[in-house]
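The structure appears below as structure tokens.
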Amino acid sequence: MELIFGPSTQKSSKREYDAIIIGAGPAGLTAAIYLARAKLSTLILEKLVPGGLAATTDKIENYPGFPEGIGGEELTSRMEKQAVNFGVDIVLEEVLDVDFLSNPKVIKTSDSEYTGRGIIIATGTSPKSLNVPGEQKFRGKGISYCATCDAPFFQDKEVVVIGCGNSGIQEGIYLKKFAKKITFVEFLPHMTAEKVLQERVRALDNVEFLLNHQVTAFEGEEKLTGVRVKNRETGEEFLIPADGAFVYVGLKPNTDFLKGKIEMDNAGFIKTDEDLKTSIPGVFAAGDVRTTILRQVATAVGDGALAAKLLEEELGG
Amino acid sequence: MGLLKEEDRKYLIDEFSKHIKNPVKIIHFTSESNECMYCKETMEILKEVEELHDLITLYIYNFDTDKDMVEKYGIEMFPATVIEGEKDYGIKFYGIPAGYEFSSLIEDIMDVGEGKPDLKEETVNAVKDINKPVHLKIFVTPSCPYCPIAVRTAHKFAMANENIKSDMIEANEFPELSQRYNVYAVPRVVINEDRYFEGALPENQFLNEILEALKEG
């Protein structure tokens with residue numbers, strides 16, 4: 001078993017920085033590496049766990065340079081160490097409010113207040129809920145959003161995975177190491193996961209696919225016992241008996257704290273121009289949090305580098 | 001030897017030298033029972049950690065034969081690990097502190113070695129006001145990135161107030177217990193048996209959960 005620890009993120013006594021990055025996922029960490037190498041004092045504020053959503057991915061196989069694939073946590077903790085080595089401060093505090101109009105810009109956190117001459121928003125996304133009856137009730141009682149965390153509780157059990165995009169299929173393949181049987185449910189008539197993942201999941205024993213089906217409810221008494229689905233073509237409704245359900249139906253941006261402070265699209269993703277500039281001068285957005293057509297570690301890393309470079313220029317670096 | 005990579009060992013030696021100012025006792029209870037899934041591995045990890053700083057000492061007891069120590073520390077299962085400073089704060093790990101929980105172990109040792117929990121002052125003051133017994137059970141899996149946040153907060157609370165005891169429980173190793181508490185997602189925090197919550201909460205919200213539980217009780 002691996003022994004995992006991050007560079008111990010300490011409280012920073014420093015309050016004024018050249019650049020503040022919100023979010024320590026791949027986009028934020030990459031931006032920090034570039035800014036620190038440009039000799040700009042750089043702070044990353046992270047609400048939960050450095051590494052972001054990528055750190056909860058069992059294996060990342062499409063990030064170049066790792067022909068055997070690499071564990072999500074291992075990849076992001078390397079990025080984190082690299083950032084710390086170049087002098088970046090990473091502080092675990094949640095951002096509660098921002099003032100982007102003052103100069104320098106002010107970031108209020110759960111613990112403190114910081115100022116930065118430039119800001120990069122790299123807060124990423126969180127797994128979306130389905131918002132169907134029973135979802136709140138059975139959360140933690142059979143419904144989970146983190147396969148790497150909770151898979152062991154479903155050893156030899158029957159599980160439903162909702163969503164056949166990259167996350168759903170990839171996490172489903174991981175879950176199959178534990179679960180006896182997996183039923184995959186997809187709203188669309190086809191899977192959207194990469195072809196290589198589709199092939200791999202179809203080759204597994206005891207997996208079933210219900211495409212063009214919609215989840216209508218989660219059912220059970222004290223704990224989850226089944227997932228009710230509806231065939232979108234025929235309208236037929238039926239119950240899939242299940243001890244567990246893992247939900248991978250897309251991502252919602254972590255931008256609640258920015259409402260009204262910056263321009264967003266209807267889904268709450270931050271709008272940027274091609275230089276990753278937001279509606280506010282001196283504020284950039286990078287990675288999954290912005291309006292984009294692809295949300296991958298590779299794109300996040302590219303965004304982080306670009307945003308850092310352009311911010312450096314703006315700060316007269 | 002050799003669970004820790006050389007670069008990580010160096011890093012930890014450096015970090016420990018910055019933080020550890022007081023003696024830290026790792027009091028470990030093991031068993032030769034076949035039922036113990038990771039007793040051997042747990043001991044190996046602790047032996048490596050002991051080597052990282054002169055002020056860290058590992059004491060090993062046998063769960064089955066060292067009854068007086070088992071009783072003194074209120075040990076219920078094995079493997080069990082207590083992190084003790086100038087006194088027994090009530091910080092325990094049941095099961096292997098590996099995967100992400102290795103970071104909980106490391107940070108607990110730094111807190112205890114520093115002699116104070118890494119909490120906001122206002123939180124410390126509010127935690128100190130708790131005058132009823134609180135027992136926190138934090139169910140985790142080693143592969144859960146959010147779990148150390150819950151474990152660490154609970155252990156820091158235990159450090160701040162002697163009425164609070166707090167156990168990390170590695171759910172895979174104690175399936176019956178996990179079942180009894182209906183654990184299907186981690187981290188799950190059980191407060192004095194009846195109340196529970198899931199997820200990694202900020203310290204003030206975690207504290208509120210405890211205060212609510214005490215009101216109900």
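Every chain is numbered from 1, with letters handed out A, B, ... down the list of sequences. All of these numbers come straight from a predicted model, not from anything done at the bench.
Contact check for B/L207 versus B/I130: side-chain heavy atoms found under the 4.5 Å cut-off.
Shown here is B/Q179, whose CD atom has no more than 12 heavy atoms of other residues, nucleotides or ligands within 6.0 Å. Within 6.0 Å of NZ in B/K21 there are more than 12 heavy atoms belonging to other residues, nucleotides or ligands. Other residues, nucleotides and ligands place more than 12 heavy atoms under 6.0 Å from the CG atom of B/N22.
Of the atoms belonging to B/L105, not a single heavy atom falls under 4.5 Å from chain A. For A/F154, the part lying under 4.5 angstrom from a heavy atom of chain B is the side chain only. Proximity to chain A involves both the backbone and the side chain of B/D8, based on heavy atoms less than 4.5 angstrom apart. A/K223 touches chain B through its side chain: at least one heavy atom from C-beta onward sits under 4.5 Å away, while N, CA, C and O do not. Residue contact with chain A, scored on non-hydrogen atoms closer than 4.5 Å, involves the backbone and the side chain of B/V183 alike.
A/E222 and B/N182 form no side-chain donor-acceptor contact under 3.5 Å, judged by distance and modelled atom types alone.
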message: B/Y59 vs B/E84, test: side chain to side chain donor-acceptor pair (under 3.5 Å). Steps then yes/no.
response: CA-CA 11 Å; B/Y59 300 84; B/E84 184 177 283; over 6 Å; no
message: Run B/Y100 and A/E2 through side chain to side chain donor-acceptor pair (under 3.5 Å) and show every step you take.
response: CA-CA 8 Å; B/Y100 283 97; A/E2 260 190 290; over 6 Å; no
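Per-residue heavy-atom pair counts under 4.5 Å with chain A were compared for B/A200, B/C144, B/S143, and the maximum is reached by B/S143. For chain A, the option among B/G99, B/A98, B/P145, B/S103 with the highest count of heavy-atom pairs below 4.5 Å is B/G99.
At a heavy-atom separation below 4.5 angstrom, chain A is approached by B/Y38 within residues 23-42 of chain B. Proximity to chain B at a heavy-atom threshold of 4.5 Å picks out nothing from residues 123-138 of chain A.
Taking CE of B/M168 as the reference point, atom CD1 of B/I138 lies at 10.0 Å (rounded to 0.5 Å). Here A/L48 contributes atom CG and B/Y146 contributes atom OH; the two are 6.0 Å apart, rounded to the nearest 0.5 Å. Note: B/Y196 OH to B/E209 CD = 11.0 Å, rounded to the nearest 0.5 Å.
No donor-acceptor pair closer than 3.5 Å links the side chain of B/D108 to the backbone N or O of B/I91.
No cation-pi contact links B/K116 to B/Y89, judged by a cut-off of 6.0 Å to the six-membered ring centre and 45° from its axis.
In this pair, B/Y181 and B/F139 present their aromatic rings tilted. The plane angle is within the 30 to 60° band.
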